[in-house]
Amino acid sequence: MGLFFSVAVYALLLAGVFKLFQIATDLGEIKDLLRDLKRNTENPLPPALSSSQSAESLLRAVSAESYPPGSGAEPAEAKR
């Protein structure tokens, strides 16, 4: 009975140490991901796009680039 108890305690200790290493590895990976996120979001918007521009003005700018005046191609909405 004492031998079984000793083996069980050693197995639990080894499992605990193994679990601690797993947790440390996971925390290291999370830390790396957070660093990458911070690096990639330092400047989320280009300077030309500020939050003060309305969605309508942005849509007009994209539409003007897609259909320049004099190209003969007009959006379907403009042909009504």
Side-chain angles (χ1 to χ4, degrees):
M1 186 70 154
L3 179 64
F4 175 73
F5 185 70
S6 295
V7 170
V9 169
Y10 284 128
L12 285 174
L13 285 174
L14 287 174
V17 169
F18 179 72
K19 196 64 174 172
L20 282 175
F21 277 106
Q22 278 186 330
I23 291 171
T25 302
D26 289 344
L27 287 176
E29 289 177 8
I30 291 171
K31 191 176 175 182
D32 291 340
L33 287 173
L34 289 174
R35 275 193 205 129
D36 288 343
L37 281 174
K38 185 177 179 183
R39 250 185 253 128
N40 293 334
T41 59
E42 285 178 354
N43 190 6
L45 293 177
L49 298 177
S50 65
S51 60
S52 63
Q53 291 179 321
S54 68
E56 187 176 343
S57 65
L58 291 173
L59 182 61
R60 285 185 184 147
V62 169
S63 180
E65 288 177 8
S66 299
Y67 306 101
S71 68
E74 294 181 22
E77 297 157 356
K79 292 182 180 180
R80 291 186 204 170

Review point. CZ of Phe21 to CG of Asp26: how many Å apart, nearest 0.5 Å?
Key: 13.5 Å
Study note, to complete from the structure: Exactly one candidate in Asp32, Leu27, Thr25 meets side-chain contact (heavy atoms from CB on, under 4.5 Å) with Glu29; the answer is Thr25
Check your understanding: Going only through I, L, V, M, F, W and Y residues with side-chain contacts under 4.5 Å, is there a path from Phe5 to Leu13?
Key -> yes
**Study point:** Heavy atoms of other groups near Gln22 CD, more than 12 under 6.0 Å
**Key:** yes
Point to revise | Point-to-point distance, once rounded to the nearest 0.5 Å, from CG of Leu34 to NZ of Lys31 | key: 10.0 Å
Revision key, fill the gap. In this structure, CG of Leu37 is separated from CD1 of Ile30 (nearest 0.5 Å) by 11.5 Å
Check your understanding: Applying the 4.5 Å side-chain criterion to the ILVMFWY set and letting contacts propagate, would Val9 and Leu3 be lumped into a single cluster?
Key -> no
